[in-house]
Amino acid sequence: MIYLQIFWAFFISGILGYGGGPASIPLIEKEVVDRYGWFTVHEFSEVIALGNALPGPIATKMAGYIGFEQAGVLGAIVGVFASVAPSLILMLGLLSILMRHKESPRVKRVTVVVRPIIAVLLGMMTYDFFFTAYEGIGWIQTLVIGAISYMLLGKLNVHPAYVIAGALVYGAIVLG
């Protein structure tokens with residue numbers, strides 16, 4: 001029964017607080033504190049603090065932690081799945097509509113317009129990352145990580161996950 005309660009607590013807040021951001025926090029609190037009584041308001045505020053300290057959407061982190069506290073690893077899995085299930089269902093529905101109409105001239109025009117916008121957004125993100133790294137670790141370390149990453153990704157076709165893990169290890173050893 002606890003798994004079903006965890007699922008509904010986070011599924012409902014995932015539907016109403018679409019996106020997993022700060023808007024979902026009061027919804028999660030209503031379920032976790034008021035409805036099920038799993039946490040006090042003070043304990044819930046500590047969960048929020050923990051969730052804000054880690055990267056990523058806060059709703060999924062809170063769902064994992066609360067699920068784990070209530071029902072162990074399986075509870076964490078159920079909580080995280082329930083918090084992303086509404087978005088997943090919506091994405092699958094929209095993707096099926098898009099795939100049905102992929103040959104439509106209107107869909108092709110949208111694709112032509114969206115690609116340059118995505119390229120510009122990725123370029124801006126890269127620019128921001130570069131200068132954040134430059135300010136944080138200096139230009140030599142930034143160039144070393146950038147050059148090694150370029151060689152691994154572009155020339156040797158190493159999977160990006162390994163390059164990211166390697167950069168994390170490099171940062172921990174050299175800069176740590």
Between atom CG of L156 and atom CD1 of I148, what is the distance when rounded to the nearest 0.5 Å?
-> 11.5 Å
Take atom CZ in F39; do more than 12 heavy atoms of anything else shown fall under 6.0 Å from it?
-> yes
ILVMFWY network linking L4 to F81, side-chain heavy atoms under 4.5 angstrom | yes
Heavy-atom closest pair (P86 atom, G14 atom, distance to 0.1 Å) is CG-C, 3.6 Å
In terms of heavy-atom contacts, H42 and S45 come closest through O-OG, 2.6 Å
Applying ring pair (Phe, Tyr, Trp, His ring centres under 6.0 Å), name anything that partners F7, two or more places apart in sequence or on another chain.
-> F11
Can you tell me how far the CG atom of L27 sits from the CD1 atom of I15, to the nearest 0.5 Å?
-> 11.0 Å
State whether the number of non-hydrogen atoms from other residues, nucleotides or ligands found under 6.0 Å of M124 atom CE is greater than 12.
-> no
Is the side chain of K61 donor-acceptor paired with the backbone N or O of L54 at a distance under 3.5 Å, no angle test?
-> yes
Are Q141 and Y170 close enough that a side-chain donor and a side-chain acceptor fall under 3.5 Å?
-> yes
Please round to the nearest 0.5 Å and tell me the distance separating atom OG of S104 and atom CZ of R109.
-> 7.5 Å
Are the side chain of S149 and the backbone of G146 linked by a donor-acceptor contact shorter than 3.5 Å?
-> no
Candidate pair I97 and R100, rule side chain to side chain contact (heavy atoms under 4.5 Å, CB included), full reasoning = CA-CA 5 Å; I97 292 170; R100 229 177 314 157; 3.6 Å; yes
Please answer: with hydrophobic residues joined when any side-chain heavy atoms are less than 4.5 Å apart, are V110 and V113 in the same cluster?
-> no
Distance in Å, E31 CD paired with I66 CD1, rounded so as to fall on 0.5 Å steps = 10.5 Å
Derivation and outcome, side chain to side chain contact (heavy atoms under 4.5 Å, CB included), residues V84 and F10 = CA-CA 9 Å; V84 299; F10 291 102; over 6 Å; no
Do V47 and I12 belong to the same hydrophobic cluster, where Ile, Leu, Val, Met, Phe, Trp and Tyr are linked whenever their side-chain heavy atoms lie under 4.5 Å apart, directly or via other members?
-> yes
Give the C-alpha distance, both sets of side-chain angles, the deciding distance and a yes or no for side chain to side chain contact (heavy atoms under 4.5 Å, CB included) between V41 and E29.
-> CA-CA 8 Å; V41 173; E29 180 184 20; 4.1 Å; yes
Go through Y3 and I77 one step at a time and tell me if the side chain to side chain contact (heavy atoms under 4.5 Å, CB included) criterion holds.
-> CA-CA 10 Å; Y3 299 113; I77 292 169; over 6 Å; no
Exercise: identify the closest heavy-atom pair between I28 and M62 = CG2-CE, 4.1 Å
Mind checking whether K108 and K102 have side chains closer than 4.5 Å, heavy atoms only?
-> no
One should read off an interatomic distance between T126 OG1 and F131 CZ, to the nearest 0.5 angstrom, of 12.0 Å
Taking all atoms of both residues into account, what is the closest heavy-atom pair of A63 and V80, and its distance?
-> CB-N, 3.9 Å
Rounded to the nearest 0.5 Å, what's the gap from CD1 on I58 to CG on L50? Could you check?
-> 9.0 Å
Contact summary for I6 and Q70, nearest pair of heavy atoms | CD1-CB, 4.0 Å
Under a single-linkage definition using a 4.5 Å side-chain heavy-atom cutoff for Ile, Leu, Val, Met, Phe, Trp and Tyr, are M91 and L95 assigned to the same hydrophobic cluster?
-> no
Provide the closest heavy-atom pair for V33 versus T40 in the form atom of the first, atom of the second, distance.
-> CG2-O, 4.0 Å
Can you hop from Y150 to V144 via hydrophobic side chains spaced under 4.5 Å?
-> no
